[in-house]
Novice: 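Starting off with a structure, shown below.
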Amino acid sequence: MSNGAHALIQTLVNAGVDTCFTNPGTSEMHFVAALDGTDMRGVLCLFEGVASGAADGYARMAGKPAATLLHLGCGLGNALANLHNARKARVPMVNIIGDHATYHTQYDAQLQSDIETVARNISTWIKTAPETRQLAADAAEAVAVAKGPPAQIATLILPADVSWTEGAEPAKAQAPVQAPPASDATVQAIAGVIKKSGKKVAFLLGNRMLREPGLRAASQIAEKTGAKLFCEVFPTRLERGAGLPAVERIAYLAELASVQLDGYDHLVLVDAKAPVSFFAYPGKKSDLVPDDCTAHTLVQPHEDALASLQALVDAVGASDTAPKLQSAERPNSPKGKLTAGKACQAIGALLPANAIISDETQTSGIKLASSTAGAPRHDVLTLTGGAIGQGLPVALGAAVASPGRPVLALVGDGSAMYTLQALWTIAREGLDVTTVIFNNRSYAILNIELQRVGAEKIGPEAKAQLDLSEPSIDFVSLAQGMGVPARRVATAEDFSGALKNAFEMHGPYLIEAIVPSEYEGLKLKALPHMLKALGSIPSPVAKAIKNKISP
Ligand SMILES: Cc1ncc(C[n+]2csc(CCOP(=O)(O)OP(=O)(O)O)c2C)c(N)n1
Ligand SMILES: [Mg+2]
């Protein structure tokens, strides 16, 4: 018998949850005290949004949940944006939210708030643990729910007295639930559609299908049937590079996505939702499936996506077909004044084998995919829910989950300032994370959006809301102030040199890349007109222009 906190931690460990990203307060002190002498690794984060983003990055790489330890409703609220990204990533996670002691809530003390209401935004399984004796069983259930299928975020609210009271015993892990494959009828129906001649078929692969086994199976089908392979716009974890099948990512800009999807009669969704525009724009469609195209869903989130896709491989007779693999190739080293495109080129030239890229580059990463396509195999983790401030925390969590693998965090200056505290934890844990801040001193993407939404007049007050140049942010000082060595560069040669050094040394390093915005002046003004024109020009020309704008 032990107190609730001890039994809770041991239960989590029994179920394989052995890493907890923490930002504790008084109500979590018994949990904190119980960490010693267990196999649970506590990783302190200095803002809750770092903890939740780190748990997301951890789950993407480890394929199992981490826990977060957060302080009441306000701590959970601070974590919300990255919990939202994690929910959209469909990763498993267990939140432990400390609460006031059960008998204290009646007093409406200073930190009293409605925790469950905050949690409802990101969890369907929410439980306030009612008593110590039951706590371990609740924790085992939370982990089982988080693991799924489907994987999700479970939130266990832990009143302080339930945590400190004696009389608890750890519970065993619940037996894993086997996900069923898609029904044979579904597989055969889709196989029938694909095999019918004269129709153009594309696949949209998402989530669990973007790892090697899913990619290989999809490529076998594509090679056998001539189908095109797309992947969703913001993948949770995409394995790519030399030796793996390549897939074309759906573009962020809806006009470009429409060009990509134009001309297909059937779109087969495999662990992905039908594509929609990121935002609505006056006079434009939200649903990106072309009007004369039929979407088919192969697999539901609770089903076994890989087994279903492999059944489809058999059903179309592609079991003996070899997948098409990306060949190894790297761009040359860039020269001259640094631009974001040249930085991407240098990354393609130098990326080490088995790297993990956390991509929150926004506009600066437009050339990233093409520059790294033939680089040694690597994983790319992206902004699944569109809530910025995710890149650094996800890199932190990915590094904790993947010792021995180099992590590269690529982050816009605006995005970096949301959760910059992640650098402190990266330094404290000695993680092998190289961070590149693309400092264009701007919310550049919003300058594009401002043009696109058709705003009538763009005055100085409007422009000022998107400008980060006064005062300019000194990322080198900020990084050094948190224990991360750093260097500022403004030429392509210096960028390559700094990146090479960072990859060669173990541990954290930050490169502040001074770059112009990718879209400025005339190019910025012309973009909305060009995007508008795409819908009314011949498809091959539109596709060529798309590849120029977003290669
Ligand atoms: C939580 C959240 N707040 C605000 C936004 C709106 N937003 C999207 S991109 C962006 C600016 C990104 O700037 P930066 O990281 O510098 O990239 P750049 O656009 O300059 O390439 C903002 C504020 C968002 N998506 N999520
Ligand atoms: Mg910027």
Side-chain angles (χ1 to χ4, degrees), residues 47-50 52-53 56 76-89 118 121-122 233-234 251-254 277-281 338-344 347 357-369 381-395 409-423 435-453 455 462-475 478 488 490 510-521 523-524 527 549-550:
F47 176 65
E48 293 87 344
V50 175
S52 55
D56 179 1
L76 178 59
N78 278 346
L80 198 70
N82 275 333
L83 289 172
H84 161 84
N85 288 324
R87 183 175 76 85
K88 294 289 186 181
V118 185
N121 208 292
I122 45 88
V233 53
F234 287 118
Y252 162 77
L253 296 171
S277 173
F278 215 77
F279 294 104
Y281 298 91
L338 190 62
T339 62
K342 287 184 193 175
C344 292
I347 290 164
I357 298 179
S358 172
D359 176 9
E360 199 178 32
T361 45
Q362 316 291 3
T363 56
S364 292
I366 292 171
K367 303 218 169 75
L368 184 67
L381 317 178
T382 76
L383 186 55
T384 44
I388 64 175
Q390 189 224 29
L392 286 169
V394 159
L410 304 175
V411 190
D413 53 336
S415 303
M417 289 302 286
Y418 284 66
T419 44
L420 197 70
Q421 306 91 319
L423 290 176
T435 299
V436 176
I437 307 285
F438 288 88
N439 193 355
N440 57 16
R441 298 178 177 151
S442 168
Y443 282 168
I445 194 167
L446 298 185
N447 273 311
I448 297 177
E449 295 291 11
L450 193 60
Q451 304 281 337
R452 278 177 84 213
V453 293
K463 282 189 183 152
Q465 307 314 307
L466 315 181
D467 176 63
L468 309 184
S469 65
E470 269 308 316
S472 65
I473 299 166
D474 178 349
F475 283 97
L478 288 168
R488 180 176 303 115
L510 182 139
I511 301 167
E512 179 181 347
I514 304 294
V515 292
S517 294
E518 286 286 274
Y519 281 90
E520 286 184 321
K523 202 172 161 198
L524 177 64
L527 185 65
I549 298 175
S550 172

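Everything numeric in this text was worked out from a predicted model, so none of it was measured. Counting starts at 1 for both ligands and their atoms, in listed order.
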Novice: For the backbone of Gln390 and the side chain of Glu360, can you confirm whether one donor and one acceptor N or O come within less than 3.5 Å of each other?
Specialist: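 A pair under 3.5 Å: yes.
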
Novice: At under 4.0 Å between heavy atoms, is it the side chain or the backbone of Ser442 that contacts ligand 1, or both, or neither?
Specialist: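 Backbone only.
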
Novice: Within the side chain of Thr339, is there an N or O that forms a donor-acceptor pair under 3.5 Å with the backbone of Lys342?
Specialist: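 Answer holds: yes.
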
Novice: Going by the side chain to side chain contact (heavy atoms under 4.5 Å, CB included) test, name the single residue among Asp56, Leu76, Asn121 that passes it with Leu83.
Specialist: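 Only match with Leu83 under side chain to side chain contact (heavy atoms under 4.5 Å, CB included): Leu76.
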
Novice: Closer than 4.0 Å to some heavy atom of Asn440 - which atoms of ligand 1 meet that?
Specialist: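 This gives 18 (P), 20 (O), 21 (O) as the contact atoms.
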
Novice: Are any of the heavy atoms in Leu466 under 4.0 Å away from ligand 1?
Specialist: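 Distance cut 4.0 Å: Leu466 fails for ligand 1.
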
Novice: Do Ser442 and Asn440 have side-chain atoms, one donor and one acceptor, less than 3.5 Å apart?
Specialist: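 Their side chains do not contain a donor-acceptor pair, so the 3.5 Å distance test is not met.
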
Novice: Where is the nearest protein heavy atom to atom 16 (O) of ligand 1: which residue, which atom, and how far?
Specialist: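 Scanning the protein heavy atoms, the shortest distance from atom 16 (O) of ligand 1 goes to Asp413 OD1, 2.5 Å.
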
Novice: Which residue holds the protein heavy atom closest to atom 9 (S) of ligand 1, what is that atom called, and what is the gap in Å?
Specialist: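 Protein heavy atom at minimum distance: Ile445 CG2, 3.3 Å.
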
Novice: When rounded to the nearest 0.5 angstrom, what is the spacing between CZ in Phe475 and CG in Leu420?
Specialist: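 Result: 6.5 Å between the selected atoms.
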
Novice: Using a 4.0 Å heavy-atom cut-off, say whether Tyr418 meets ligand 1 through its side chain, its backbone, both or neither.
Specialist: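 It is the side chain that gets close, since no backbone atom is under 4.0 Å.
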
Novice: Should you measure from each heavy atom of Thr361, which atoms of ligand 1 turn up under 4.0 Å away?
Specialist: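 What qualifies from ligand 1 is 21 (O).
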
Novice: Are Tyr252 and Gln362 linked by a side-chain donor-acceptor pair shorter than 3.5 Å?
Specialist: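 Absent: no donor and acceptor within the cut-off.
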
Novice: Can you tell me which residue and heavy atom of the protein come closest to atom 25 (N) of ligand 1, and the distance to 0.1 Å?
Specialist: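 Protein heavy atom with the smallest distance to atom 25 (N) of ligand 1: Gly386 O, 2.9 Å.
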
Novice: Looking only at non-hydrogen atoms, which of Ala81, Ala444, Ser415 approaches atom 12 (C) of ligand 1 most closely?
Specialist: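 Considering heavy atoms of Ala81, Ala444, Ser415, the nearest to atom 12 (C) of ligand 1 sits in Ser415.
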
Novice: Can you list the ligand 1 atoms lying under 4.0 Å from a non-hydrogen atom of Gly414?
Specialist: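 Contacts of ligand 1 toward Gly414, numbered from 1: 13 (O), 14 (P), 15 (O), 16 (O).
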
Novice: Is atom 6 (C) of ligand 1 less than 4.0 angstrom from at least one protein heavy atom?
Specialist: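 No, there is none.
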
Novice: Is a donor on one side and an acceptor on the other found under 3.5 Å between the side chain of Thr419 and the backbone of Gly389?
Specialist: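 Here the side-chain-to-backbone pair exists.
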
Novice: Which is closest to atom 18 (P) of ligand 1 by heavy-atom distance: Thr363, Leu446, Ile388, Asn439?
Specialist: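 Heavy atom nearest to atom 18 (P) of ligand 1 belongs to Thr363.
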
Novice: If you measure from CD on Gln421 to CG on Leu478, what distance do you get to the nearest 0.5 Å?
Specialist: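 The CD atom of Gln421 sits 10.5 Å away from the CG atom of Leu478.
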
Novice: Considering only heavy atoms from C-beta outward, does the side chain of Asn447 approach that of Tyr519 to under 4.5 Å?
Specialist: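 No - every pair of side-chain heavy atoms lies 4.5 Å or more apart.
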
Novice: For atom NZ of Lys523, decide whether the heavy atoms of other residues, nucleotides or ligands shown that lie under 6.0 angstrom number more than 12.
Specialist: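 Atom NZ in Lys523 is crowded, with more than 12 foreign heavy atoms closer than 6.0 Å.
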
Novice: Could you give the distance from CG (Leu510) to CZ (Arg488), rounded to the nearest 0.5 Å?
Specialist: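 So the CG of Leu510 and the CZ of Arg488 are separated by 10.0 Å.
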
Novice: Around the Mg ion (ligand 2), list the protein N/O/S atoms within a radius below 2.8 Å, excluding water molecules.
Specialist: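 Metal shell, protein only: Asp413 OD1, Asn440 OD1, Ser442 O.
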
Novice: Can you report which non-hydrogen protein atom sits closest to atom 11 (C) of ligand 1, along with the distance?
Specialist: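 For atom 11 (C) of ligand 1, the nearest protein heavy atom is Tyr443 CD2, 3.4 Å.
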
Novice: From Thr384 OG1 over to Asn85 CG, what is the distance, rounded to the nearest 0.5 angstrom?
Specialist: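 So the OG1 of Thr384 and the CG of Asn85 are separated by 4.5 Å.
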
